[in-house]
Amino acid sequence: MSIKLLDPQTASKIAAGEVIERPAGVLKELIENSLDAGAKNINIDISKAGKALIRVNDDGCGIKKEELTLAIKRHTTSKITNFDDLNKLNTFGFRGEALYSLAAVSKLKISSCQSEEAGGAMIEAAGGQISAQAAAPAIKGTTIEVKDLFFNTPARLKFLKSDNVERGHLLRTIEEAALANINTAFNVNTDGVSVYRLNAQEDSEQGLRTRLNKILGQELAKNLLFCQDESFGFKAFISPLNNLCASRDNQFFFINKRPVLSKVLQQALYKAYQPYRAKEKHPCAIIFLTLNPAEFDVNIHPQKKDIKFAFESDIFNFIYNKITKTLLQEQQVSQPVLAENFATQQEQFIPEQKEKETDTQENIPLDLSEIINKHLGEQKQDLFINDFEERKEYFTAPHQQEVEPEPELKQKTSNYPKWWQGPYNYLGQIHQSFLVFENPQGLVLVDQHAAQERVLFEKYFKEIQIGNVASQPLMFPISVQMPSSTLEQVLNYKDFLLKIGFEISRFSATCLMVNSVPNILKFKEEDLKDFIVALPQDLKADEANLKYKLVAMRACKRAIKAGEKLNKEQVEALMENLKKCEDALHCPHGRPTILTFTTSEIAKRFERT
Ligand code: ADP
Ligand code: MG
């Protein structure tokens with residue numbers, strides 16, 4: 001094959017693919033251009049999740065009439081002139097590629113005006129070709145309209161996700177921009193419905209709080225702790241220890257107002273919360289840093305989301321210590337006991353390749369196979385560190401033993417599962433948690449909560465599998481507040497939820513209603529909310545059956561079980577139900593439900609021979 005120069009249209013489509021992968025990428029570029037232009041008001045209209053239209057209107061400096069055609073050419077920018085300018089960059093843009101890319105893969109229209117005297121101008125382009133030029137209203141500012149995104153790149157179009165998912169990404173982009181730029185007012189409509197109306201705020205803690213209230217919802221925002229420091233221009237809102245969230249989505253990191261993904265910052269955050277955090281709870285955190293542009297590199301990622309720090313460990317230690325101190329101060333007021341657990345020494349940032357060994361490993365999104373292995377693995381109870389772990393040598397799960405049952409008993413139990421070594425003579429309950437039995441092998445302990453969860457899980461999962469989940473309308477539907485971006489992600493699972501017995505509906509842009517729940521599950525309000533909010537991150541898998549299993553497991557974990565104190569009938573019922581389970585020996589998360597302490601082991605412990 002001979003080498004030839006790509007024609008400009010092909011080249012531009014390929015280039016566009018790197019800058020813009022989905023509607024949210026378009027919106028990000030447009031908002032950043034408006035902010036770079038000094039806009040005080042930004043109006044955003046979206047229809048069909050950005051697939052039909054994304055329009056961003058601002059009152060910024062505008063583009064010169066005669067430069068409109070230049071603006072949509074490749075590598076044309078008013079923001080830098082040479083490479084060294086990157087070290088003093090104070091704009092979001094600098095590549096001069098966004099408008100060029102948009103013109104290549106959509107029907108683009110730009111109207112702009114620098115001043116009333118100069119008048120306005122408009123330009124239209126489709127698939128990289130200018131299709132119209134005309135005068136425009138003389139209103140200072142710029143309106144950029146992106147229609148029919150990817151109309152000429154069908155493969156890209158096909159790759160887009162459902163409207164809920166794409167809208168979720170679009171709204172997240174807006175939420176990030178709005179949190180980082182509180183001096184600017186944002187007005188957001190999707191398909192003609194108002195989602196956010198955010199007034200401009202002063203640069204102060206109060207200003208930030210006002211904006212946070214609007215975006216995260218009062219319920220979450222009102223309790224956040226504020227901390228700041230002159231170094232690194234650090235400002236942060238973080239969850240108090242008694243108010244962590246079920247969702248990992250409420251974490252925002254900004255460097256010089258740029259939303260960033262950063263393992264360093266994320267690990268520092270989790271490290272600070274690590275001693276106090278239940279496994280499925282996550283801190284909400286909005287962290288702002290201001291750095292010298294020479295100290296980090298935004299140029300490593302085409303969408304400029306990922307960053308690299310020049311002084312990784314310094315940043316890590318600083319964030320970790322700041323957050324720890326803030327939590328400690330707060331904690332001293334309410335629960336002095338916990339204080340001693342706080343580490344005050346310097347902690348080391350662990351670079352990526354060692355990440356698996358760090359304490360924060362469970363915070364980094366796991367892929368589903370890992371979750372399944374971790375939680376559902378049938379013989380994997382040893383993965384789990386629990387109260388029994390250190391005493392494991394004295395306890396052995398019955399299925400691991402080679403004890404031959406008496407022939408008579410064997411016959412009697414032939415209809416029973418393999419593990420069943422009855423009769424089980426119930427002796428009582430200890431610490432309202434463990435049931436004590438005598439059986440022919442010796443002493444048997446049942447973790448009542450683990451056993452109840454197993455029984456519940458199998459019943460519920462069976463209902464899901466046969467497609468017959470009985471659902472119960474709630475007398476008082478439960479409202480759940482969340483950012484609009486999270487809400488779209490949850491709504492994406494509306495039909496899925498219906499199949500597993502939960503009926504949800506949109507109440508407003510930032511509030512969902514839970515109207516029905518499965519008959520078989522009872523929830524405390526808080527636990528139900530947590531279940532709903534955590535859904536998108538629990539459901540990353542593609543495989544339907546795994547999804548059902550995972551979600552059933554999550555639901556059962558949060559559902560209320562029978563009271564702490566069980567009577568004899570309840571105990572017997574539980575054992576009967578456990579007998580019918582496919583994997584009675586483990587709770588849905590893989591921990592053992594039953595431990596046997598054989599008579600010979602007991603004797604040995606008493607040093608009898
Ligand atoms: P970059 O932002 O990297 O410079 P873009 O392709 O996004 O590249 O924009 C090209 C140029 O068009 C910008 O440098 C800026 O001068 C002008 N421009 C784009 N959007 C706006 C806007 N909303 N207001 C004013 N000028 C704009
Ligand atoms: Mg730009």
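- At a threshold of 4.5 Å between non-hydrogen side-chain atoms, the residues Phe150 and Lys51 do not count as touching.
- When atom types are taken as modelled, the side chain of Tyr493 and the backbone of Leu539 share a donor-acceptor pair closer than 3.5 angstrom.
- Between Ile287 and Ala236, the shortest heavy-atom distance links the atoms CG1-CB, 3.9 Å.
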Would Asp45 and Ile54 count as a side chain to side chain contact (heavy atoms under 4.5 Å, CB included) here? Give the steps. CA-CA 6 Å; Asp45 288 282; Ile54 297 172; over 6 Å; no
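- Of the charged side-chain nitrogens involved, none lies within less than 4.0 Å of a carboxylate oxygen, so that Lys73 and Glu97 do not count as a salt-bridged pair.
- The closest donor-acceptor contact from the side chain of Glu166 to the backbone of Lys161 lies under 3.5 Å.
- Atom CD of Glu202 is surrounded by 12 or fewer heavy atoms from other residues, nucleotides or ligands within 6.0 Å.
- For the pair Ala121 and Lys65, the tightest heavy-atom approach, listed with the atom from each and the gap, is CB-CG, 3.4 Å.
- Residues Leu149 and Pro23 are in side-chain contact: their nearest non-hydrogen atoms beyond the backbone lie under 4.5 Å apart.
- Between Ile72 and Ala103, the shortest heavy-atom contact is CB-CB, 4.3 Å.
- Taking all atoms of both residues into account, the shortest heavy-atom contact from Ser194 to Ala509 is O-CB, 4.3 Å.
- With a 4.5 Å cut-off on side-chain heavy atoms, Asn189 and Ile46 do not count as touching.
- Rounded to the nearest 0.5 angstrom, Thr326 OG1 and Phe237 CZ are separated by 11.5 Å.
- Shortest non-hydrogen contact noted between Lys257 and Asn183 is NZ-OD1, 4.4 Å.
- With values rounded to the nearest 0.5 angstrom, Cys245 atom SG is found 13.5 Å from Glu280 atom CD.
- A donor-acceptor pair under 3.5 Å is absent between the side-chain atoms of Ser101 and the main chain of Ile20, judged by distance alone.
- The distance from the CZ atom of Phe316 to the NZ atom of Lys263 is 13.5 Å, given to the nearest 0.5 Å.
- A salt bridge does not link Asp148 with Lys48: none of the charged nitrogens is closer than 4.0 Å to a carboxylate oxygen.
- Under the 6.0 Å distance and 45° angle rule, Arg172 counts as a cation-pi partner of Phe252.
- Checked for salt-bridge contact, Glu488 and Arg506 meet the test: a charged N lies under 4.0 Å from a carboxylate O.
- Side-chain atoms of Asn181 come within 3.5 Å of backbone atoms of Ala177 as a donor-acceptor pair (strictly under, hydrogens ignored).
- Between the side chain of Ser485 and the backbone N or O of Leu171 there is no donor-acceptor pair closer than 3.5 Å.
- Residues Phe159 and Arg22 form no side-chain contact, since every pair of their non-hydrogen atoms from C-beta on lies 4.5 Å or further apart.
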Go through the steps for Thr77 and Arg95 under the test side chain to side chain contact (heavy atoms under 4.5 Å, CB included), then give the verdict. CA-CA 7 Å; Thr77 179; Arg95 287 171 209 268; over 6 Å; no
Show, in sequence, the C-alpha distance, side-chain angles and deciding distance for Arg167 and Asp191, and conclude whether the salt bridge (Lys or Arg N to Asp or Glu O under 4.0 Å) test is met. CA-CA 11 Å; Arg167 240 192 331 266; Asp191 301 300; 3.6 Å; yes
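- Ser239 and Asn223 share no side-chain donor-acceptor pair at under 3.5 Å.
- For Arg258 (side chain) and Thr91 (main-chain N/O), a donor-acceptor pair under 3.5 Å exists by modelled atom type.
- Look at Glu503 and Lys494 and you find no salt bridge, because none of the NZ, NE, NH1 or NH2 atoms lies under 4.0 Å from a carboxylate O.
- You'll find the side chain of Ile255 stays beyond 4.5 Å of the side chain of Phe288, heavy atoms only.
- Glu330 contributes no side-chain N or O that, together with a main-chain N or O of Leu225, makes up a donor-acceptor pair within less than 3.5 Å.
- Around the NZ atom of Lys147, the shell of radius 6.0 Å holds no more than 12 heavy atoms that belong to other residues, nucleotides or ligands.
- Using modelled atom types, one side-chain atom of Thr210 and one backbone atom of Gln206 make a donor-acceptor pair closer than 3.5 Å.
- Put simply, the side chain of Tyr100 does not reach to within 4.5 Å of the side chain of Thr76, judged on heavy atoms.
- For the residue pair Asn33/Lys79, the side-chain donor-acceptor check at 3.5 Å is satisfied.
- Between the side chains of Gln251 and Tyr270, at least one donor-acceptor pair of N or O atoms lies under 3.5 Å.
- Paired with Leu30 under the rule side-chain contact (heavy atoms from CB on, under 4.5 Å), one option of Asp58, Ile144, Thr173, Ile44 passes, and it is Ile144.
- Between Phe186 and Tyr196, the distance from one ring center to the other does not fall under 6.0 angstrom.
- Ile123 contributes atom CD1, which lies 12.0 Å from atom CD of Glu67 (distance to the nearest 0.5 angstrom).
- Cation-pi geometry between Lys107 and Phe151 is satisfied (NZ or CZ under 6.0 Å from the ring centre, within 45° of the ring normal).
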If you apply the rule side chain to side chain contact (heavy atoms under 4.5 Å, CB included), what do you find for Asn187 with Ile42, and how did you get there? CA-CA 6 Å; Asn187 193 350; Ile42 298 180; over 6 Å; no
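- No salt bridge links Lys40 with Asp59; every basic N to acidic carboxylate O contact stays at or beyond 4.0 Å.
- We find the OG-CG distance between Ser231 and Leu291 to be 11.0 Å, quoted to the nearest 0.5 Å.
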Could you give me the CA-CA distance, side-chain angles and deciding distance for Val56 and Leu27, then say whether side chain to side chain contact (heavy atoms under 4.5 Å, CB included) is met? CA-CA 8 Å; Val56 175; Leu27 184 59; 3.7 Å; yes
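- Here the side chains of Ile238 and Pro283 are not in contact, with every heavy-atom distance at 4.5 Å or above.
- Residue Gln133 holds its CD atom at 8.5 Å from CE of Met122, rounded to the nearest 0.5 Å.
- When all heavy atoms are compared, the tightest approach of Pro275 to Ala272 is CD-O, 3.7 Å.
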Going through the distances and angles, do Lys235 and Asp229 end up as a salt bridge (Lys or Arg N to Asp or Glu O under 4.0 Å)? CA-CA 7 Å; Lys235 266 189 225 167; Asp229 194 288; over 6 Å; no
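- Within the 3.5 Å criterion, the main-chain N or O of Pro477 finds no donor-acceptor partner in the side chain of Asn515.
- Residues Leu535 and Phe531 are in side-chain contact: their nearest non-hydrogen atoms beyond the backbone lie under 4.5 Å apart.
- Put simply, the side chain of Glu145 never gets that close to the backbone of Leu53: no donor and acceptor are under 3.5 Å apart.
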